[in-house]
Amino acid sequence: MGYDFKEIEKKWQEYWAKHETFKVLNHSEKPKFYILDMFPYPSGAGLHVGHPLGYIASDIFARFKRHKGFNVLHPQGYDSFGLPAEQYAIQTGQHPAKTTQDNISRYRTQLDQMGFSFDWSREVRTSNPDFYKWTQWIFLLLFDHYYCNDANKALSIQSLIGRFEKDGNNNINAVCDSKIQSFSAEDWVNFDEHKKQEVLLGYRLTYLSHSEVNWCAELGTVLANDEIINGVSERGGFSVTKKKMKQWSMRISAYSERLLSGLDRIDWPESLKEMQRNWIGKSIGAKVFFAIEGNEKNIEVFTTRPDTIFGVTFMTLAPELDLVQEIVVSNQKDAVDTYIKETQQRTQRERMADVKNITGVFTGAYAIHPFTGNRIPIWIGDYVLADYGTGAVMAVPCGDQRDYDFAKHFNIPITNIFKNVSIEEEAYTDKANTVLDQSDFLNGLSYKEAMLLVIKVLEEKGSGAGTINYKLRDAVFSRQRYWGEPIPVYYKNGMPQALSLEDLPLNLPEVEHYLPTPEGAPPLGNATNWAWNEVERKVVANTAIDHAKVFPLELNTMPGWAGSSWYFYRYMDAQNTDSFVGSEAKNYWQDVDLYLGGSEHATGHLLYSRFWQKFLFDLGLLPVDEYAKKLINQGMILGSSAFIYRISGSQTYVSKDLLKSEITYEPIRVDVNLVNASEEIDVEGLKKWQPQFATAIFELSEGVFKVGREVEKMSKSKYNVVNPDEICDQYGADTLRMYEMFLGPLEQAKPWNTAGISGVHNFLRKFWKLFYKEDEFIVTDSIPDKKALKTLHETIKKITEDIESFSFNTCISSFMICVNELTSLNCHSKEVLRPLTILLSPFAPHLSEEIWEKLGGVGSIVEEPFPVFNKSFLIEEEKNYPVSFNGKMRFTLSLSLSLDKQAIQEAVLNDHRTLEYLEGKAPKKWIIVPNKIINIVF
RNA sequence: GCCUUGGUGGCGGAAUUGGUAGACGCGCUGGAUUCAAAAUCCAGUUUUUUCGGAAGUGUGGGUUCGAUUCCCACCCAAGGUACCA
């Protein structure tokens with residue numbers, strides 16, 4: 001019969017479910033260990049082979065930690081709000097809640113069949129009202145707090161009002177809207193309610209502001225950059241423009257410095273921390289005010305090189321800056337407007353990517369240099385981004401390459417302010433060796449000296465100040481979508497008012513359709529009879545007044561990252577109805593010991609969640625201000641997308657081997673499941689798959705149609721998803737688990753490829769054969785020979801070390817070597833096979849449980865202590881090792897494994913060939929690597 | 001463009017601190033077993049060769065007695081680039 005994985009896996013999955021083997025309590029004698037996976041978005045394509053990679057790794061580690069005597073929290077849930085469910089709803093009219101539920105059911109079935117040791121009693125779903133109630137609650141807390149720079153933490157708005165009443169805002173050192181003007185206590189008292197709310201909004205940690213979005217008029221909706229392809233909407237191909245809309249934002253910038261410094265205290269991959277550091281983008285410099293000729297306003301610029309201020313020969317503003325409209329002179333207005341229109345049609349990414357194309361327009365206006373009083377022409381150019389710094393730069397062409405290129409392109413004069421440096425070819429950007437010239441009071445100074453002096457002088461003149469700038473922008477928190485958490489706010493006289501905790505959750509209303517309203521309001525605007533509590537509901541139903549217009553609820557919803565910014569605390573106490581997490585639970589579990597997920601979240605989820613953590617920590621609601629001690633990025637399993645090629649402007653598709661270089665083709669993605677092993681597509685299947693192919697013409701090559709391939713992210717929209725179900729069915733979960741680990745290093749991205757899975761499956765069958773011959777259980781109580789014990793202990797050592805360093809791929813090689821050796825030694829001794837089974841159980845849990853039961857183990861193998869490596873079983877043996885002298889001479893020495901450096905030195909010196917070569921000279925340097933090579937340098 | 005990661009046989013990958021490159025697996029070739037096939041087992045498998053060797057870890061340089069490993073420049077691929085999750 002042999003290894004019947006189907007029966008075994010079914011049996012043990014049922015056993016674990018029945019005995020609640022993985023249920024964990026919020027208290028224990030054992031030390032705690034919280035191992036967390038990034039929860040999946042339940043997409044309609046089902047779980048693909050990439051998802052389990054991280055879950056298998058974390059499951060192996062969780063099981064390993066249980067063997068090592070830890071109380072392990074290993075939960076799972078669903079990030080169940082998101083755009084795909086909504087788009088599906090738009091297309092089909094199906095409620096996203098229904099499709100989401102269907103998808104979750106499918107995911108659960110798929111997850112269960114892989115034998116994960118999740119404690120499902122703690123499942124969370126971000127789209128459940130009893131979960132998003134607390135997401136909304138956290139939003140209200142953010143709304144009710146501001147960031148005080150003196151206390152260096154978030155404080156309540158109530159305390160801010162108290163300070164306003166006493167002193168106005170003059171002594172307040174807080175992170176706030178730059179447009180807020182100073183006022184006295186008296187002013188504050190005299191402000192009307194509307195004005196007061198407006199001022200407070202400028203301080204709140206979540207606030208309303210005007211931000212730019214991608215607006216698609218035809219679809220009547222806002223689009224993600226992701227939904228825009230070549231400047232037009234992915235859906236429908238309509239044009240997209242930039243538009244300013246009133247949006248909720250999160251003042252994450254208040255936490256810039258703490259987000260940066262916190263990185264030094266957590267064990268996350270250095271590359272990921274570097275990415276976050278760059279994203280936060282701290283730079284030290286100065287802000288400088290330039291007066292505008294004939295205008296009362298100033299231009300404020302941020303520069304990291306205030307020392308080069310005497311090299312300024314022009315200024316460049318971002319085209320979308322409001323100021324541009326105020327300063328542009330009439331005869332330049334047409335040119336400026338045309339240019340602005342052009343830039344609005346380009347995405348920011350295109351603008352940044354396209355640096356070779358220098359574009360810009362002169363506004364006709366001039367600024368005044370704060371020191372020389374020179375007139376400085378003001379230009380606009382799309383290399384200046386509106387949302388970085390102040391959206392304006394003082395251009396120093398001699399010291400900045402982009403300014404240099406711009407000046408050369410438009411024939412703007414370049415002043416050289418560097419001593420003994422030529423700027424004929426390019427700008428001089430070497431800070432460290434800067435010596436200034438033609439710079440008045442800065443002449444002869446270095447970068448550092450000039451920087452300090454010029455900031456001092458600017459501050460004295462009131463024309464600027466030293467400042468620290470962060471690239472990190474406040475996070476836009478509004479989405480004009482249906483399938484997200486409603487923002488718990490209503491409006492009174494146009495100002496946002498917070499709902500109270502008792503009114504939460506503010507449930508998503510039912511709507512007839514999921515597109516924006518005809519008036520352009522977000523989809524929630526389609527809701528009728530929507531109110532935030534029963535009292536309000538009655539008012540809505542019974543009054544003649546249009547209540548929705550008097551106290552309208554916020555119609556935007558929250559973004560995908562809202563729920564995922566705190567879900568890991570909910571797992572600790574998922575059923576709690578009184579609190580987002582109970583104090584007993586959070587005090588016991590504290591934080592996440594190991595977090596596994598992809599590096600694609602580096603500057604999204606992993607930054608936002610740290611921000612919320614710090615905020616909740618400030619309020620005393622969480623015990624630590626970094627939630628994940630250690631983080632590992634599992635590499636993404638990439639898909640291998642299939643492409644067919646359409647002749648541009650036609651309906652003719654050409655087999656890949658018939659492509660000609662003189663014709664332009666459009667590559668179109670097709671479902672990889674329609675492609676066979678020889679890279680040929682099933683044309684009939686393709687015609688049925690999507691209507692656009694039903695009537696198309698296909699040019700075959702020798703009767704077949706070949707596709708092209710490209711490796712990219714596995715995603716439903718790229719039609720390259722491979723599901724694990726088939727593999728589970730054919731080889732079993734244990735094989736799939738081990739194969740995914742065997743594919744390569746955990747951290748590395750790798751394209752999915754099923755070839756090779758049989759090797760891992762064969763290993764499990766060989767393993768099984770150590771225990772069974774035909775159907776007879778052949779394990780003996782005999783004493784194993786020394787070689788078998790040596791093999792076992794070498795394996796224990798290797799596996800323990802490799803699990804602890806997450807090198808699961810090499811673990812599997814070690815298992816294979818071990819089983820091959822035991823097979824050839826014909827070893828069936830219980831003394832060897834029992835520990836080996838425990839060793840294997842994190843990797844192949846079903847098989848291990850089955851054998852464990854047969855070996856007479858009591859209960860589940862899960863709690864069994866992990867085998868301990870015993871050095872004494874490693875037998876020393878004589879081996880030949882090569883020795884090289886300066887790479888010129890090489891011979892071998894018979895040495896024992898245990899020899900230390902001194903013994904090797906003696907052995908070399910006692911060898912007659914060595915003595916001949918040495919001619920009495922003593923070696924200078926000994927390089928001795930145990931077990932390997934000895935190198936002696938003279 | 002910018003930030004991050006990676007590039008080793010036909011393929012996935014291994015190689016500890018700079019020390020015998022190619023572990024382990026897939027595939028392929030040959031053999032055993034079989035009426036035959038599947039399965040299993042054994043042997044071989046970087047390239048080249050005048051069979052002594054020689055070359056070889058994306059490309060070109062550098063450091064070193066010695067480089068897959070360290071440094072510089074470049075090429076290619078993937079992830080992120082702020083409304084995909």
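Below, chain A is the first sequence line, B the second, and so on; all start at residue 1.
A gap of 23 Å separates the P atoms of B:rA14 and B:rG80, to the nearest Å. Taking atom C1' in both B:rU46 and B:rG22, the straight-line distance is 7 Å, to the nearest Å. To the nearest whole angstrom, the two C1' atoms, one in B:rG12 and one in B:rC28, are 16 Å apart. Rounded to a whole angstrom, the distance from the P atom of B:rG18 to that of B:rU69 is 11 Å. Comparing B:rG60 with B:rC76, their P atoms are spaced 16 Å from each other, to the whole Å. Taking atom C1' on both B:rU57 and B:rU68, the two are 5 Å apart, rounded to the nearest angstrom. Comparing the same atom, P, in B:rC24 and in B:rC2 gives a spacing of 43 Å after rounding to whole Å. Using atom P as the reference point in both B:rC74 and B:rC3, the two lie 12 Å apart (nearest Å).
Nucleotide B:rC2 is matched to B:rG80 when pairs are restricted to Watson-Crick or G-U wobble geometry with both distances under 3.5 angstrom. Base-pair partner of B:rC28: B:rG44 (Watson-Crick or G-U wobble, both distances under 3.5 Å). Pairing for B:rG22 is absent, judged as Watson-Crick or G-U wobble with the two contacts each under 3.5 Å. Checking B:rG52 for Watson-Crick or G-U wobble geometry (two distances, each under 3.5 Å) identifies no partner in any strand. A 3.5 Å limit on both hydrogen-bonding distances identifies no Watson-Crick or G-U partner for B:rG66. Pairing partner, B:rU17: none, since no Watson-Crick or wobble contact has both distances short of 3.5 Å. Nucleotide B:rA37 has no partner under the Watson-Crick or G-U criteria, as no pair reaches both atom distances under 3.5 Å.
Going from atom OH of A:Tyr731 over to atom C1' of B:rG25 covers 13 Å, rounded to whole Å. In this structure, A:Asn720 atom CG and B:rA78 atom P are separated by 13 Å, rounded to whole Å. Counting to the nearest Å, the P atom of B:rC24 and the NZ atom of A:Lys766 are 11 Å from each other. Put simply, CG on A:Asp405 is 15 Å from P on B:rG1, counting in whole angstrom units. Here the C1' atom of nucleotide B:rC26 and the CE atom of A:Met738 are 16 Å apart, to the nearest Å. Protein atom CG of A:Leu746 is 19 Å distant from nucleotide atom P of B:rG12, rounded to whole Å. A:Glu270 has its CD atom 14 Å from the C1' atom of B:rC3, to the nearest Å. Separating the CD1 atom of A:Ile812 from the C1' atom of B:rG12 is a distance of 13 Å, rounded to the nearest angstrom.
A glycosidic torsion no more than 90° from 0 defines the syn conformation, and B:rG52 adopts it. With its glycosidic angle within 90° of 0, B:rG9 is assigned syn.
A salt bridge does not link A:Glu86 with A:Arg479: every distance from a Lys NZ or Arg NE/NH1/NH2 to an Asp or Glu carboxylate oxygen is 4.0 Å or more. Note on A:Lys797 versus A:Glu801: salt bridge recorded, some NZ/NE/NH1/NH2 to OD/OE distance being below 4.0 Å.
Heavy atoms of A:Pro751 sit nowhere under 4.0 angstrom from any nucleic acid atom. Residue A:Arg402 is out of contact with every strand shown, counting any heavy-atom pair closer than 4.0 Å.
Here B:rG12 is the nucleotide among B:rA14, B:rG25, B:rG12 with the atom lying nearest to any side-chain atom of A:Leu743. When distances run from any side-chain atom of A:Asn809 to the nucleotides B:rG27, B:rA39, B:rG13, the shortest one goes to B:rG13. Checking B:rG25, B:rG13, B:rU40 against every side-chain atom of A:Lys750, the shortest atom distance belongs to B:rG13. Of the candidates B:rG25, B:rC3, B:rU40, B:rC3 carries the atom nearest the A:Asn278 side chain, counting heavy atoms from C-beta on.
A:Leu840 and A:Phe815 get closest at one heavy-atom pair: CA-CZ, 3.7 Å. The heavy-atom pair separating A:Phe742 from A:Asn809 by the smallest distance is CD1-O, 4.0 Å. Of all heavy-atom pairs between A:Leu259 and A:Leu607, the closest is CD2-O, 4.2 Å.
Of the side-chain N and O atoms in A:Asn762, one or more sit less than 4.0 angstrom from OP1 or OP2 of B:rU40.
Side-chain atoms of A:Ser564 and A:Asp79 include no donor-acceptor pair closer than 3.5 Å. Side chains of A:Asn720 and A:Ser641: a donor-acceptor N/O pair is present below 3.5 angstrom, by distance only. Between the side chains of A:Ser127 and A:Ser80, at least one donor N or O sits under 3.5 Å from an acceptor N or O.
The closest donor-acceptor contact from the side chain of A:Arg669 to the backbone of A:Tyr719 lies at 3.5 Å or more, if one exists at all. Using a distance-only test at 3.5 Å, with no hydrogens or angles considered, no donor-acceptor pair links the side chain of A:Tyr388 to the main chain of A:Tyr470.
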How does protein reach along nucleotides 79-85 of chain B, written 5' to 3' as B (base within reach of a heavy atom under 4.0 Å), S (only sugar-phosphate), or - (no contact)?
SSBBBBB

